Structure formats: C-alpha cells, structure tokens
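Contents: one structure, followed by commentary.
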Amino acid sequence: MTQEQLADLLGVSVEAIGKYERSVSFIRGDLEYRLTERLGWGRGDVIACRKDWDTRRKPTKSRYRLLDDALVDTVFDGSWRAACLASIAMADAELQDLPCELEANEDVFLPIYETFRAHWAAIMCDGEMVAKWTLPFLLPEDEALFRAGQLIECDLSVDRLRRPILPGTYFGYCPALIVRPGHEAASALLMSSFVGFLETLAERDVYLHGIGTISVSPGGAQVCRDIGMIRLGSHCLSPKFAVWDLPGNSIPQSIFGRRSAFLRQRYAEAFDGT
C-alpha cells in the first residue's frame, strides 16, 4: 500500500502519514479507531504500535555518521583530499577483479571527487568508511555512450562532467554505490543522504532526466532492480556487466519518491506527461 492509498483510507494527508512513519507525530485516538475499522487491526496491534513509537522517538546514538567537516577534522586531520582517497580506496577494495577501464582509478576519480564534493557522500563507523555513493553528471555525448554500453570510466575527467549551476535537466551517472558487508545498517543513512542531495537540487529546479549505473555483479544487478531501474543492455567490456537507467519520470514511483513527498511532487510536475 502506498502512502497515498493509506492516507486516503484513513482520511489524512500524505504528509501526516510520512510523519507517522518517521515517528515525528503519533496517531491520535480517532485514527486508532480507523486502523481497527478500516485495516482490521486488533487492540494488540494498536498497543504494539504505541510501544514502537515510544521506543523510536527516543534519541539513540547510532554508530553511523555522515561524513562532514567535523569528521574530516577528526579522522582525516582536516583533509578532504585524504577523505577522497579513502573513498576511492574503499571502492578499490570492495570492487575487485574489474577490468582496468572500470577500476577505482585514483588519477581519474580524485580530481572528480575534489571538484564535485557535493556529488558524493560517505558513511563512517568508528573512524572507518563503510558506505558511499557517487553521482557526477555526464555530458550529452557521454550519456549517449553510456546508453550504448560504451562508456569507459577511465576516460572521464573533470572537464567532461557537467556542473548543475543553471536550472534544467541533467543525467547522473553512479560509478559506485557501496555498503561494506556487515554494515548493512548504514544503508538507511546512505539513502537519506542521497535523497537529501536530490531534494537540494530540486529546490533549485535542477532535475535528473536519468540516473545510470553499470552493475558488475549479481548483487549489484539486484540493487538496481530494487531501486526500480531499467536494464538497457550489456556493457561492451563483458556480457556479465549490465547498463541500467532510472528515467526522471519514474523517480516519483521509485524508492526515492517514496522516501520524499517533496521529490515525488516536484518530479511529477517536472516530467508531467513524459
């Protein structure tokens, strides 16, 4: 059931449903009655919901933190360059046995990470980097290469990437989405940071008409399916590597749109009828 369907069933706004899910506000008494009447909840379900809300609204200290200036000062002696290098090293360690064209090449990605700092994020745990996403924006000619399965990452450079200064649509390419084994709990914070990035762009009327990536493993392909991406074909380097795309008009129905009512509305308006 979508947030919209549940909101309609209970007679509340979609924003209210989002607040209930995030434990920002609690379902009032008359809504408890509607849960019983319209969803078939028993009294025990309602009581369990209350207890769960009481538990989740209490602040907890998570092991996971989004990399920021304070953490860079603490962990990397104030050097964002060192943080960039750590991010590349993590990708190199986790994505092994790749052809050199798709390796986490320091010469290629360090200038990109330093220049486009807002286009990547990392999650830290006890002073160690455990998860990351990266999303530079491709030029139209490189987007065409990507869609044809011909994009070679080692050919990328800072001057071959777009800067989202002006309102409009752009194509985002994700060369790395990594969550280290044993740190799956970092996924929620990683997702929140990515949704926040898309929201910041949308506030400036900057939208993605597509988000693309190349899966290099069965696990990576499954992640693409879970997000709602479309498989465009195989990559030229290997039939085992697949090219995936999430069109901008699909973002309202994707996991990103489900996480953010703001994104769902803005993208629906931006790609209305497309």
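Worth saying up front: this structure is predicted, and the values here are computed from it rather than measured.
Atom CG in L85 sits 12.0 Å away from atom CG in D92 (nearest 0.5 Å). For the atom pair OG (S260) and CD (E199), the distance works out to 3.5 Å, reported to the nearest 0.5 Å. Interatomic distance, SG of C224 versus CD1 of I214, reported as 10.0 Å (0.5 Å rounding). The structure places CD1 of I123 at 12.5 Å from CD1 of I178, a figure rounded to the nearest 0.5 Å. Between the CZ atom in R258 and the OG1 atom in T2 there is a gap of 10.0 Å [rounded to 0.5 Å]. Separating the CG atom in L145 from the CG atom in L139 is a distance of 10.5 Å, to the nearest 0.5 Å.
Partners of S238 by side chain to side chain contact (heavy atoms under 4.5 Å, CB included), not counting sequence neighbours, listed by chain and number: K240, F241. Evaluation of the side chain to side chain contact (heavy atoms under 4.5 Å, CB included) rule for V179 yields A131, S187, L190 as partners, not counting sequence neighbours. T200 is linked by a side chain to side chain contact (heavy atoms under 4.5 Å, CB included) to nothing, counting only residues two or more places apart in sequence or in another chain.
Centroid-to-centroid, the aromatic rings of F171 and F146 come within less than 6.0 Å. With ring centers used as reference points, F194 lies under 6.0 Å from F256.
Proximity of V243 to L151: side-chain heavy atoms (C-beta onward) are nowhere separated by under 4.5 Å. Contact check for R81 versus Y113: no side-chain heavy atoms found under the 4.5 Å cut-off. Using a 4.5 Å cut-off on side-chain heavy atoms (C-beta onward), I255 and M191 make contact. Residues L138 and L161 are in side-chain contact: their nearest non-hydrogen atoms beyond the backbone lie under 4.5 Å apart. Contact annotation: the side chain of E153 never approaches that of N105 to less than 4.5 Å [non-hydrogen atoms, C-beta and beyond]. Within the 4.5 Å cutoff, the side chain of S254 has heavy atoms near those of the L246 side chain. Residues T169 and L208 form no side-chain contact, since every pair of their non-hydrogen atoms from C-beta on lies 4.5 Å or further apart. Two residues are said to be in side-chain contact when any heavy atoms from C-beta on lie closer than 4.5 Å; W80 and L67 meet this criterion.
In this structure, the side chain of T115 engages the main chain of P111 through a donor-acceptor pair within 3.5 Å. Checking side-chain atoms of D45 against main-chain N and O of G42 turns up a donor-acceptor pair under 3.5 Å. Using a distance-only test at 3.5 Å, with no hydrogens or angles considered, no donor-acceptor pair links the side chain of R162 to the main chain of F137. E184 places a side-chain N or O within 3.5 Å of a backbone atom of G182 that can act as its donor or acceptor partner. The backbone N or O of S79 lies less than 3.5 Å from no partner atom in the side chain of D77, so there is not a single donor-acceptor pair. Checking side-chain atoms of S234 against main-chain N and O of A242 turns up no donor-acceptor pair under 3.5 Å.
Defined by atom type and a distance below 3.5 Å, a donor-acceptor pair is present between the side-chain atoms of S157 and D159. Between the side chains of Y267 and S250, not a single donor N or O lies within less than 3.5 Å of an accepting N or O. The closest side-chain donor-acceptor pair between W244 and S215 falls under 3.5 angstrom. Checked by atom type, the side-chain pair H209/E143 shows a donor-acceptor distance below 3.5 Å.
With hydrophobic clusters built from ILVMFWY side chains whose heavy atoms lie under 4.5 angstrom apart, V12 does not share a cluster with V14. Hydrophobic clustering (side-chain heavy atoms under 4.5 Å, transitive across Ile, Leu, Val, Met, Phe, Trp, Tyr) groups M90 together with L110. Under a hydrophobic-cluster definition in which Ile, Leu, Val, Met, Phe, Trp and Tyr are linked whenever side-chain heavy atoms come within less than 4.5 Å, directly or via other members, I88 and V108 are assigned to the same cluster. Under the 4.5 Å side-chain heavy-atom criterion for grouping Ile, Leu, Val, Met, Phe, Trp and Tyr, L189 is connected to V223 within one hydrophobic cluster. Linking ILVMFWY residues whenever their side-chain heavy atoms come closer than 4.5 Å, directly or via other members, places W133 and L263 in the same cluster.
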Report the C-alpha distance between R160 and D142 in whole Å, list the side-chain angles of each, state the deciding distance to 0.1 Å, and finish with yes or no for side chain to side chain contact (heavy atoms under 4.5 Å, CB included).
-> CA-CA 8 Å; R160 284 180 60 170; D142 285 324; 2.4 Å; yes
Decide yes or no on side chain to side chain contact (heavy atoms under 4.5 Å, CB included) for Q150 and H235, but give the supporting numbers first.
-> CA-CA 6 Å; Q150 301 289 328; H235 193 269; over 6 Å; no
Show your working on side chain to side chain contact (heavy atoms under 4.5 Å, CB included) between H183 and R63 and close with a plain yes or no.
-> CA-CA 10 Å; H183 293 279; R63 299 172 58 205; 4.2 Å; yes
Residue pair I152, C236: steps toward the side chain to side chain contact (heavy atoms under 4.5 Å, CB included) verdict = CA-CA 9 Å; I152 303 299; C236 63; 4.2 Å; yes
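The two residues K132 and S87 make their nearest non-hydrogen contact at NZ-OG, 2.8 Å. Closest heavy-atom contact between L39 and M1: CD2-CE, 4.2 Å. When all heavy atoms of L66 and A121 are compared, the closest pair comes out as CD1-CB, 4.1 Å. Nearest heavy-atom pair across V206 and P167 is CG2-CA, 4.1 Å. Taking every heavy atom of both residues into account, P252 and A268 meet most closely at CG-N, 3.6 Å. Pairing each heavy atom of R204 with each of P164, the nearest pair is NH1-O, 2.9 Å.
H119 pairs in a ring-ring contact (aromatic ring centres under 6.0 Å, His included) with only one of the listed residues (Y173, Y170, F109, F197), which is F197.
A salt bridge links D205 to R266: at least one charged side-chain nitrogen sits closer than 4.0 Å to a carboxylate oxygen. Ion pairing of E4 with R264 is present here, as a side-chain N (NZ or NE/NH1/NH2) and a carboxylate O approach within less than 4.0 Å.
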